Number of protein chains: 2
Amino acid sequence: MEETHKKILLVEDDPNFGAVLKDYLSINDFEVTLAKNGMEGFEKFKKDNFDLCILDVMMPYKDGYTLAREIREKNKEVPIIFLTAKSMKEDVLKGYKVGADDYLNKPFDSEVLLMKIKAIIQRKASETKTDNAKFEFQIGRFHLNSKLRFLTFDNEEPIKLSPKENELLKMLALHENDLMPRELALTKIWRDDNYFTSRSMDVYIAKLRKYLKPDEDVEILNIHGEGFRLVVKNKVEEK
Amino acid sequence: MEETHKKILLVEDDPNFGAVLKDYLSINDFEVTLAKNGMEGFEKFKKDNFDLCILDVMMPYKDGYTLAREIREKNKEVPIIFLTAKSMKEDVLKGYKVGADDYLNKPFDSEVLLMKIKAIIQRKASETKTDNAKFEFQIGRFHLNSKLRFLTFDNEEPIKLSPKENELLKMLALHENDLMPRELALTKIWRDDNYFTSRSMDVYIAKLRKYLKPDEDVEILNIHGEGFRLVVKNKVEEK
DNA sequence: TAATATATTAACCAAAGATTAACAACAACA
DNA sequence: TGTTGTTGTTAATCTTTGGTTAATATATTA
């Protein structure tokens with residue numbers, strides 16, 4: 001079964017390198033749009049719908065990080081890979097902060113790039129399969145509107161949730177009564193999985209438990225080493 | 001969060017190259033077992049539980065393809081990567097025929113290998129996640145949910161199982177009324193087979209027996225020197 | 001820019017889980 | 001029957017993971 005080719009936005013100021021890379025990706029069945037600086041890159045980004053962006057970091061007028069930030073404002077989903085001559089840790093961190101999905105130091109092996117591209121696109125594909133457009137949830141006597149970030153208990157005044165609180169509760173609700181793996185929340189909400197983000201998540205779990213206290217039948221249980229589970233007891237089936 | 005390191009079986013007859021590659025993989029957080037020919041490779045394969053095999057094709061006594069076929073007989077799942085000096089099409093085909101997952105021509109870029117390894121392991125992981133591996137078992141009057149790690153007796157409050165308790169009981173249940181070899185549980189659950197892990201397993205068998213006590217018809221029997229057997233007596237067939 | 005809301009970090013303690021050690025009980029078998 | 005290796009049991013110890021608090025940092029808004 002032949003899928004339609006994935007679209008890649010390639011922003012690279014070196015015209016030779018850019019052309020070679022474009023050709024290479026093209027013969028590997030990607031549809032490549034080449035922009036030669038950040039300005040042009042952003043213009044082309046707005047005009048089309050790409051599956052992946054590959055950005056050179058060092059470019060005149062507008063560098064890769066700035067461009068990435070603009071792209072992220074428009075689109076929270078599209079994967080971004082940075083190409084850079086630098087391999088400094090702070091630069092890498094800066095890249096991930098603006099939401100990069102991967103990093104590649106020049107000069108690099110084209111096969112490695114290809115591998116990364118495929119891995120990233122596949123990952124995004126499986127993510128969008130799991131993540132739901134749904135934004136309203138009934139959780140016991142609570143109602144969550146994750147678009148407005150409101151949590152309402154019965155008919156009381158809604159509580160405003162912070163973005164992280166909201167995302168986390170939504171993810172728990174999507175897995176109601178089932179395991180919500182730690183790792184899933186960390187990689188999807190925190191976009192990183194280490195000791196501190198894990199600690200941070202625990203802090204948020206505590207906050208959510210506080211919010212959910214008024215309903216005795218709603219609980220967030222821990223499954224040691226695995227994740228959390230939002231349980232709703234004595235559930236009355238509606239019809 | 002630190003996962004336990006993935007185990008790789010590396011079979012390579014060139015001692016220098018083998019050692020270098022082993023070191024390289026080790027510093028990249030893999031646990032590598034090196035075998036210097038096909039014979040030794042197969043012996044080591046049987047003794048442990050690997051996440052990946054990397055086989056050199058041209059080796060004395062037993063070549064990579066033959067070894068791969070033997071490995072496949074034992075294990076249909078484990079990913080295999082071939083290393084070869086050849087790049088002939090028929091050889092590649094021969095490799096895929098015995099179930100290779102990937103192919104790499106010497107000399108190769110170590111980063112490429114690393115990438116391939118990661119891609120393959122991740123793919124396998126997501127496969128086993130989506131493949132609806134059985135996780136619910138009826139054991140006499142008990143019900144085991146090995147995903148949530150719950151053991152429920154009749155309609156009583158579920159008992160929480162620890163990861164090891166859970167895995168072990170699941171493995172017993174998978175062999176219900178049949179022998180569950182010691183060695184199997186040790187290599188699969190403890191990923192190591194020595195005096196202490198064996199002792200540890202006995203401790204867990206004791207714990208499980210305690211949990212299962214309420215149902216007279218459920219018992220874990222020992223088969224001296226072989227393993228254990230989960231028996232369920234007076235089984236009433238349901239329809 | 002100050003004020004406010006949100007998020008991260010750090011330290012510390014508690015809980016859960018796993019291993020180890022020591023010894024008793026048992027099976028296999030010469 | 002005694003000897004050897006295996007299994008059963010308990011309790012102590014060690015390790016990892018989770019919960020909580022508060023200080024600090026970062027982002028957002030007035």
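Remember, it's a predicted structure, so these values are computed and weren't measured experimentally. Note on naming: letters A, B, ... go to the chains in the order of the sequence lines (proteins, then strands), and numbering restarts at 1 for each one.
- Atom-to-atom, CZ of A:Arg229 to C1' of D:dG18 comes out at 18 Å; the value is rounded to the nearest Å.
- For the pair B:Asn222 CG and D:dG8 C1', the interatomic distance rounds to 9 Å; values are reported in whole Å.
- The nucleotide D:dT13 finds its pairing partner in C:dA18, both defining distances of the Watson-Crick or G-U wobble pair being shorter than 3.5 Å.
- A straight line from CH2 of A:Trp190 to P of C:dT6 spans 14 Å, rounded to a whole angstrom.
- At the heavy-atom level, A:Lys160 lies nowhere under 4.0 Å from the strands shown.
- In this structure, the NE2 atom of B:His224 is 11 Å from the P atom of D:dG5, given to the nearest Å.
- When each of B:Val203 and B:Arg182 is assigned the nucleotide of DNA chain D with its nearest heavy atom, B:Arg182 is the one assigned upstream, toward the 5' end.
- Put simply, B:Arg199 has no side-chain N or O that comes within less than 4.0 Å of OP1 or OP2 on C:dT19.
- For the atom pair OG of B:Ser162 and CG of B:Leu169, the computed distance is 11.0 Å after rounding to the nearest 0.5 Å.
- Distances were taken from every side-chain heavy atom of A:Ser200 (C-beta onward) to each of C:dT9, D:dT20, D:dT9; the shortest belongs to C:dT9.
- Listed nucleotides C:dG17, C:dC12, D:dG8 differ in distance to A:Tyr195; the shortest reach to its side chain belongs to C:dC12.
- Atom P of nucleotide D:dG19 and atom CZ of A:Phe196 are separated by 18 Å, given to the nearest angstrom.
- In this structure, CG of B:Asp202 is placed 18 Å from P of D:dA11, rounded to the nearest angstrom.
- At the heavy-atom level, B:Phe228 lies under 4.0 Å from the strands shown only through sugar-phosphate atoms.
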Exercise. Carefully, step by step, assess B:Phe142 and B:Phe137 under the rule ring pair (Phe, Tyr, Trp, His ring centres under 6.0 Å).
Key: CA-CA 8 Å; B:Phe142 290 99; B:Phe137 302 88; over 10 Å; no
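- Checked against the 6.0 Å centroid criterion, the rings of A:Phe153 and A:Tyr211 do not qualify as a close aromatic pair.
- Residue A:Lys164 places no side-chain N or O under 4.0 Å from the OP1 or OP2 atom of C:dA5.
- The distance from atom CE of B:Met201 to atom C1' of C:dA21 is 19 Å, rounded to the nearest whole Å.
- With B:Lys7 as the partner, the side chain to side chain donor-acceptor pair (under 3.5 Å) test is satisfied by one option alone out of B:Asn49, B:Asp192, B:Thr33, B:Asp48: B:Asp48.
- In this structure, CG of A:Leu221 is placed 16 Å from C1' of D:dT17, rounded to the nearest angstrom.
- One finds no side-chain N or O of A:Ser162 lying less than 4.0 angstrom from the OP1 or OP2 phosphate oxygen of C:dT6.
- A distance of 8.0 Å separates CZ of B:Arg72 from CD of B:Glu77, quoted to the nearest 0.5 Å.
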